[in-house]
Enquirer: 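Please read through the structure below; I'll follow up with questions.
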Amino acid sequence: MFHDKETFKKAYLERLISMHGKGLEETTPADQYYTLGMMVREYVSRNWIATNNQYQVKDTKQVYYLSLEFLLGKLLKSYLINLNIRTVCEEGFQELGLDLEKIEAEEPDAGLGNGGLGRLAADFLDSMAALHYPGHGMGIRYRYGLFEQKIIDGYQVEIPDYWLREGNVWEVRKSDKTVEVRFGGEVITKEMGDTLSFDHVKYEPVLAVPYDMPVIGYHNKTVNSLRLWNAESAIKDYDFDHMHNRHYHQMIEYKKSTESISEFLYPDDSTFDGKRLRLKQQYFLVSASLQTILARYKRQHEDIAHMPEKIAIHTNDTHPVLAIPELMRLLMDQEGLGWEEAWDITTKTISYTNHTILSEALECWAIEVMAPLLPRIFMIIEEINERYCQKLWDQYPGEWEKIRRMAIISDGYVRMAPLAIIGCHSVNGVSALHSTILVEDLMKEFYEEEPDKFNNKTNGITHRRWLIGANPGLTNVITDVIGAGWKSSPSQLKRLISYKNDAALQQSVAKVKLENKEKLAALIWRDYGIKVDTSSIFDVHIKRIHAYKRQLLNVFHIMNLYKRVKENPDISITPRTFIFGGKAAPGYHLAKSIVKLIHTIAEVINHDPSIRDQIKVVFIRNYGVSHAESIIPAADVSEQISTASKEASGTGNMKFMMNGALTIGTLDGANIEIAQKVGDDHIFLFGLRPDEVLDYYQHGGYHARDMYNRDKRIRVILDQLMNGTFVKEDVDFKSIYYSLIDYDEYFVLKDFPSYVDAQQTVEQSYQHTASWYEKSIVNIAHSGAFSSDQTISRYAKEIWDLEPLRVQ
Ligand SMILES: *Cc1c(COP(=O)(O)O)cnc(C)c1O
């Protein structure tokens, strides 16, 4: 049906009518989107089945990527690109008087993630399918994704994101694959000869019903799966007949509480939120997934001991790390294995990625929360802990402190990172720096025990979405110069290096950039009524709002620049458009004040005629994947200015680089590797180095108040937060002021002078158009190294021991 334009048009019109009972003229864009989506899903169904069949027949090893977050964004466009049918659809639609881009925009973003961690999971799925890897995602089908951000009077207001309102055209409910997950109750231990058996009784059953979505490979026949679990009550209709009133109400309560498990995504990716429901979500995902994986294995294999040769299970951060005790439980209680054998299989099967060193994000659960909710799982964790501590005790007799630091259970808490490290065969960080910090600092003592477990896998991004999909103009320019080979082998982007000084290429890249800026400027005008100058520097800072990501540093630079221009009416700066976007966690007051501050300064600066439009500040509301796709191709400057050592990797940095923006950044996360690739002349580095930051944390020696006293610019800026220069109403930026002057945990004031200098360099460099675009081309050329294809092949070879399988 996608073979050629004519067949497509005919098939599409027929489907439109049969699905909606109306002719083309009466259908809405939503109808039109849904119909195309259904056709695409049908179109891939044959390959979807073939993929699964071939994995089974060839008995190939498969990986399951467990994640509490998949930040998928929209899928239609990616699918059309990967299936190589987008041109047919576009042309067919044109003749029908339809606009494909508009129809693609109808799809709601699947916002089942907070930020980088969730987007990484989505990019990884895309790469696994593109590279023919047998790999699937497993997650939760949250009815509400990450909240929708509204701005009222400059304040963030959160609205529930009911992304499923119009249904999800990509999902297929598989009721027959439902499994039961058990919460609460008691464990009865029975002696049977010389073995023990464990009966879980009086538990509350919850049904996990799978919804599968296809994950479509790029120009190949692979269609992997993303399985999202929906929580449902296990009440059979007939149960109600036997209930008198009191029980009936209990039933309703039970139904509500079970369904709440897949109701909301927790809207915080950087602080550990000790909610019981969150723990329920984690176990729900893990138990449903592992039961399914084990049952699949057993359908084909007799000997459970060989499971690690056929199955790899990856846990994205510690959120799904209950996979370790859950697999132990299944192997022992259900399969009848002994501890040692079960432990051997478990550790060989499971691997784990750490995503952060922020201490507030290291998960731990109070025993009084976990033990009653997951009694058998808690018993197993206790046993893992006891055995491990015993081993340590034999090795380090008397070193109580060391053992306490390394124990899984201590001070009344179950600590998930130690559980992950002890119970799996691979622990990886997500950039060279981050992995080094793990082994030298956060996980040092574990590293000394088992150094071979630890490795680095620098994050990556899919160039199919972030370049081919998001930036067709640049895609064509690149292809004109080096051919199309880079689309399937992104490392070929390096061939651009030899053209970096080619004036024609520089001009083409500049022209595309301008077109993308014009598109974004139009959007900004439409949605915000702000006129931005497309010859100004588009300086972009989009990511979650968090103190460590230092939106404040950027804001202070703007305040400083504004003051300079205002006080010197004759100076001309290179005009700048500062673009922000990002959500603050609803309970994170400082981050929400930062959102308000950005709006406050924007209001003043955008309406001050005396600065002659040389500075504009725009806050793009409700930042998500789709916004990223339209903003990043239009960026000249990429703000990657986290406090060194705090951003584990970053992936936003890679998306900008791939779209030819130049980075202003700290030596943090993957910025370091970007700098190594492009060379120091092609990136604007500033600020404290990670070792300096870590040294300050350890030994002290930094006093923020000195910065305030010594640097007049800082004094003015901080005073302006309090004295009403920007603040017309009764707004309170005291919390920002005191967070800096009292402690400045993230070295905002410390790095300010060096940041201002680096921004000065940016401005001067932008004047030299040819050399600016030379830099831009060098960045694009090296970005292939950050394709998630590279990352995934390393996971496959070095962690999962996974071979690709070409679906025929
Ligand atoms: C890439 C991406 C992120 C991660 O950005 P960082 O700059 O690495 O924090 C967050 N949200 C969305 C929507 C993204 O696309």
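This one's a predicted model, so the numbers in the text were calculated from it and none came from an experiment. Count residues from 1 along the sequence.
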Enquirer: Please check: side-chain N/O of Ser536 versus main-chain N/O of Arg576, any donor-acceptor pairing under 3.5 Å?
Expert: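 Not at all, since once roles are kept as given, no pair shorter than 3.5 Å links the two residues.
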Enquirer: Are any non-hydrogen side-chain atoms of Ile674 and His782 less than 4.5 angstrom apart?
Expert: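 Ile674 does not reach His782 side chain to side chain.
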Enquirer: Apply the side-chain contact (heavy atoms from CB on, under 4.5 Å) test between Trp48 and each candidate in Val172, Ile216, Val807; give the one that qualifies.
Expert: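 The option that passes is Val172.
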Enquirer: With a 6.0 Å cut-off (strictly less than), is the heavy-atom count around CD of Glu101, excluding the residue itself, greater than 12?
Expert: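 It does not: Glu101 CD has 12 such atoms or fewer within range.
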Enquirer: Indicate yes or no for a side-chain donor-acceptor contact from Thr666 to the backbone of Ser642 under 3.5 Å, with no hydrogens or angles considered.
Expert: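 Yes.
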Enquirer: For the pair Thr663 (side chain) and Gly665 (backbone), establish whether a donor and an acceptor sit closer than 3.5 Å, ignoring hydrogens and angles.
Expert: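 No, Thr663 side chain to Gly665 backbone: no donor-acceptor pair under 3.5 Å.
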Enquirer: Just by distance, do the side chain of Asn779 and the backbone of Leu662 share a donor-acceptor pair under 3.5 Å?
Expert: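 Judged by distance alone, no pair lies under 3.5 Å.
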Enquirer: Would the number of heavy atoms belonging to other residues, nucleotides or ligands and lying under 6.0 Å from NZ of Lys74 be above 12?
Expert: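 Counting neighbours around NZ of Lys74, more than 12 heavy atoms of other residues, nucleotides or ligands fall under 6.0 Å, so yes.
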Enquirer: Hey, is Glu106 close enough to Lys102 for a salt bridge, meaning N to O under 4.0 Å?
Expert: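 A salt bridge is absent here (no side-chain N lies under 4.0 Å from a carboxylate O).
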Enquirer: Output yes when Asp789 and Arg464 qualify as a salt bridge under the 4.0 Å nitrogen-oxygen rule, no when they do not.
Expert: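 Counted as a salt bridge, because a side-chain N and a carboxylate O are separated by less than 4.0 Å.
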Enquirer: Please examine the side chains of Glu774 and His768, heavy atoms only from C-beta on, and report whether any two atoms are closer than 4.5 Å.
Expert: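 His768 does not reach Glu774 side chain to side chain.
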Enquirer: Would you say the side chain of Ile468 lies within less than 4.5 Å of the side chain of His463, judging by non-hydrogen atoms?
Expert: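 In contact.
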Enquirer: Please check if the side chain of Asn622 supplies one atom and the backbone of Gln149 the other of a donor-acceptor pair under 3.5 Å.
Expert: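 At least one qualifying donor-acceptor pair exists.
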Enquirer: Check this for me: does any side-chain nitrogen of one of Lys10 and Glu14 sit under 4.0 Å from a carboxylate oxygen of the other?
Expert: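 Counted as a salt bridge, because a side-chain N and a carboxylate O are separated by less than 4.0 Å.
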Enquirer: Counting only N and O atoms by type, is there a donor-acceptor contact under 3.5 Å from the side chain of Gln808 to the main-chain atoms of Arg806?
Expert: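 A pair under 3.5 Å: yes.
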Enquirer: Might you work through the salt bridge (Lys or Arg N to Asp or Glu O under 4.0 Å) test for Arg621 and Asp527, ending with a clear yes or no?
Expert: CA-CA 9 Å; Arg621 293 185 281 259; Asp527 293 348; over 6 Å; no
Enquirer: Show your reasoning for whether salt bridge (Lys or Arg N to Asp or Glu O under 4.0 Å) applies to Glu42 and Arg15.
Expert: CA-CA 12 Å; Glu42 274 176 36; Arg15 286 307 297 272; 2.7 Å; yes
Enquirer: Counting C-beta onward and ignoring hydrogens, is there a side-chain heavy-atom pair between Val540 and Val637 closer than 4.5 Å?
Expert: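 They are not in side-chain contact.
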Enquirer: Please evaluate residues Trp486 and Arg495 with respect to the criterion side-chain contact (heavy atoms from CB on, under 4.5 Å), reporting the C-alpha separation (whole Å), side-chain torsions for both, the decisive distance (0.1 Å), and the verdict.
Expert: CA-CA 9 Å; Trp486 65 273; Arg495 293 183 184 170; over 6 Å; no
Enquirer: Find out whether His314 and Thr353 are in side-chain contact, i.e. whether some heavy atom of one side chain is under 4.5 Å from a heavy atom of the other.
Expert: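 Yes, their side chains come closer than 4.5 Å.
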Enquirer: Are Phe619 and Tyr528 near enough that their ring centres are under 6.0 Å apart?
Expert: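 No, too far apart.
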Enquirer: Strictly below 4.0 Å, N to O, side chains only: are Asp613 and Lys531 in salt-bridge contact?
Expert: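 A salt bridge is absent here (no side-chain N lies under 4.0 Å from a carboxylate O).
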Enquirer: Once side chain to side chain contact (heavy atoms under 4.5 Å, CB included) is applied, do any residues pair with Lys457, and if so which ones, sequence neighbours excluded?
Expert: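 Result, side chain to side chain contact (heavy atoms under 4.5 Å, CB included) vs Lys457: Asn428, Asn455, Arg794, Tyr795, Glu798, Ile799.
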Enquirer: If you take the centroid of each ring, where Trp contributes its six-membered ring, are His557 and Tyr755 closer together than 6.0 Å?
Expert: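 Yes, the ring centres sit under 6.0 Å apart.
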Enquirer: Mark yes when over 12 heavy atoms from residues, nucleotides or ligands other than Glu95 sit less than 6.0 Å from its CD; otherwise mark no.
Expert: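 Yes, because the 6.0 Å sphere around CD of Glu95 holds more than 12 heavy atoms from other groups.
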Enquirer: Using the ring-ring contact (aromatic ring centres under 6.0 Å, His included) definition, which of the options Phe2, Trp170, Tyr218 pairs with Tyr79?
Expert: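 By the ring-ring contact (aromatic ring centres under 6.0 Å, His included) criterion, Tyr79 pairs with just one of Phe2, Trp170, Tyr218: Trp170.
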Enquirer: Is the shortest distance from a Lys or Arg side-chain nitrogen in Glu629 or Arg465 to a carboxylate oxygen in the other one below 4.0 Å?
Expert: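 A salt bridge is present here (some side-chain N lies under 4.0 Å from a carboxylate O).
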Enquirer: Would one find more than 12 heavy atoms of other residues, nucleotides or ligands at under 6.0 Å from atom CZ of Arg612?
Expert: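 Atom CZ in Arg612 is packed in, count exceeds 12.
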Enquirer: Could Glu91 and Arg86 be called an ion pair, given the rule that one side-chain N must be under 4.0 Å from one carboxylate O?
Expert: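 Not counted as a salt bridge, because no side-chain N and carboxylate O are separated by less than 4.0 Å.
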